[in-house]
Amino acid sequence: MRVILDCDPGIDDTIALIYLSALHHEGRIEIDAVTTTAGNIDADQGAVNAAWVLGQCALRTTPLAAGVTTPLKYELTTTPETHGPTGLGYITAPQRFVESDWDALWIDSIERGTQDLHLIITGPMTNLATFKRLHPHHYARLQHITVMGGAFNYPGNTTPSAEWNFWVDPHAAKEVFAAAPAPLTVCSLEVTEKMLLEPERLEGIVDKLGAFPMAKKLPEIMRFYFEFHEEVGEGYRAQIHDLLACEIALGTVLFDAPLTTIDIEADSELMRGTSVIDTRGIWERENNAHVVTTADIDAAWAEFERACGVHARFTNGGLAAIRHARAED
Ligand code: BDR
Ligand code: CA
């Protein structure tokens, strides 16, 4: 299976990157490209962060590019209060130049075939909507797309009814769902808010990571996210939305996701970014989404912790240590 991750790192996006890079080292997936979208931070800073995280994960040569810099119509809003001033909590990644040929990376990947290609979007959907406009034929070939976004008959986290990724660029989400190349898998707040990281589990994760370079940095990244969640009344813990979306995309966790039809409100001030699900088929429109309704959260954490062990082995013994461990599985 090959993966393009389109993300806005961002703390939970960073955890998703750590997870995917472990699976890449194991040979379970191949990360074709990482691209960034403007959301938690701007797309360039997101790319600087992603470059640093990939470097920490021993994936310095993974193709990486910054994506579109602003939402389709609205001005960009970012979240320094949630993810820290540069998106990585109390850590600042070293500045560096990152390419911006993101759509060329997507095209290269699509031209290698789309049957085993999974596009995972853990930020606003600006790049995908732009890709649809710029490269409609390549867009139409995408078969497997999973997005973290939306809140269906469930409270929003940005307005009373809207989730952050859909709220930042609702026009992009609306445009994609109106012309989906295949039904997208949608991981909304209803499931991702259950993926809660508590300080105690973080300690276990840091232990499992062993000598992996980021093990020392992760507590400083997470401390910011814990403090934010505490300030907004969620307790001293954190919702790790984007990791669960990746596990669902790759099928490394069990979940239910009935086929349905969704739409996103874009222009109204009150309802901006609100996602609506037509469970009863009232619109009589084609299905455009598999909306995830349940996921095995305990198994999702167990799978992430397993992946942390992969990083520890890779840090100590490189690929040989990982192959040896897989042979013994
Ligand atoms: C989403 O918004 C961002 O803050 C997170 O990274 C996640 O992708 C949750 O609403
Ligand atoms: Ca994100």
Side-chain angles (χ1 to χ4, degrees), residues 3-20 34-43 45-50 53 66-68 71 74 76-89 91 119-128 145-152 154-170 172-173 184-197 221-222 224-229 231-232 234 237-249 264 272-275 291-292 295 300 304:
V3 169
I4 299 173
L5 177 68
D6 188 43
C7 56
D8 60 341
I11 295 178
D12 54 335
D13 302 78
T14 294
I15 304 283
L17 267 169
I18 293 173
Y19 175 64
L20 293 178
V34 174
T35 54
T36 60
T37 182
N40 290 327
I41 25 79
D42 67 61
Q45 182 62 49
V48 166
N49 294 350
V53 176
V68 179
Y74 287 123
L76 175 62
T77 312
T78 57
T79 52
E81 74 295 340
T82 311
H83 292 269
T86 62
L88 293 176
I91 295 282
L119 170 63
I120 307 176
I121 303 178
T122 60
M125 294 174 72
T126 317
N127 289 343
L128 184 56
I145 307 172
T146 299
V147 301
M148 189 286 129
F152 300 93
Y154 187 87
N157 62 358
T158 305
T159 71
S161 61
E163 178 279 334
W164 172 257
N165 289 336
F166 282 10
W167 181 86
V168 171
D169 195 347
L184 285 79
T185 301
V186 182
C187 305
S188 70
L189 291 182
E190 181 182 352
V191 281
T192 64
E193 282 197 347
K194 299 195 169 73
M195 192 76 183
L196 282 171
L197 180 60
I221 296 175
M222 288 311 309
F224 194 97
Y225 214 27
F226 287 152
E227 288 172 359
F228 162 75
H229 282 82
E231 267 164 35
V232 296
E234 300 285 346
R237 52 193 189 172
Q239 297 159 349
I240 312 294
H241 311 273
D242 297 340
L243 169 63
L244 185 63
C246 289
E247 295 183 327
I248 284 171
I264 288 80
R272 166 178 171 179
T274 300
S275 44
V291 173
V292 180
F304 179 67

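Model, not experiment: these values are computed from the prediction. Counting convention: from 1, in listed order, for ligands and their atoms alike.
At a cut-off of 3.0 Å, Thr122 coordinates the Ca ion (ligand 2) through an N, O or S atom. The Ca ion (ligand 2) does not have Asp12 among its coordinating residues (no N/O/S atom, backbone or side chain, under 3.0 Å).
Between the side chains of Thr37 and Asp6, not a single donor N or O lies within less than 3.5 Å of an accepting N or O. No side-chain N or O of Glu163 forms a donor-acceptor pair with one of Tyr154 less than 3.5 Å apart.
Arg272 forms a cation-pi arrangement with Tyr74, by the criterion of a distance under 6.0 Å to the ring centre and an angle within 45° of the ring axis.
Residues Leu128 and Ile121 form a side-chain contact, since some pair of their non-hydrogen atoms from C-beta on lies under 4.5 Å apart. Ile11 places none of its side-chain heavy atoms less than 4.5 Å from the side chain of Phe228.
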Under 3.5 Å, N/O to N/O: give me all the pairs between ligand 1 and the protein, one per line with atom names and distance.
| residue | atom | partner | partner atom | Å |
| --- | --- | --- | --- | --- |
| ligand 1 | 4 (O) | Asn40 | OD1 | 2.9 |
| ligand 1 | 4 (O) | His83 | NE2 | 2.9 |
| ligand 1 | 6 (O) | Asp12 | OD1 | 2.5 |
| ligand 1 | 6 (O) | Asp12 | OD2 | 3.3 |
| ligand 1 | 6 (O) | Asp13 | OD1 | 3.1 |
| ligand 1 | 6 (O) | Asn40 | ND2 | 3.1 |
| ligand 1 | 6 (O) | Asp242 | OD2 | 3.1 |
| ligand 1 | 8 (O) | Thr122 | O | 3.1 |
| ligand 1 | 8 (O) | Asn165 | ND2 | 3.1 |
| ligand 1 | 8 (O) | Asp242 | OD1 | 2.7 |
| ligand 1 | 8 (O) | Asp242 | OD2 | 3.1 |
| ligand 1 | 10 (O) | Asn157 | ND2 | 2.9 |
| ligand 1 | 10 (O) | Glu163 | OE2 | 2.5 |

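Taking each heavy atom of Phe224 and Gly89 in turn, the nearest pair found is CB-CA, 3.4 Å. Of all the heavy atoms in Ala16 and Cys246, the pair that sits closest is CB-SG, 3.7 Å.
Residue Asp8 approaches the Ca ion (ligand 2) most closely through its N/O/S atom OD1. Restricting Asp242 to its N, O or S atoms, the one at the least distance from the Ca ion (ligand 2) is OD2.
Annotation: His83 is in aromatic contact with Tyr225 [ring centroid separation under 6.0 Å].
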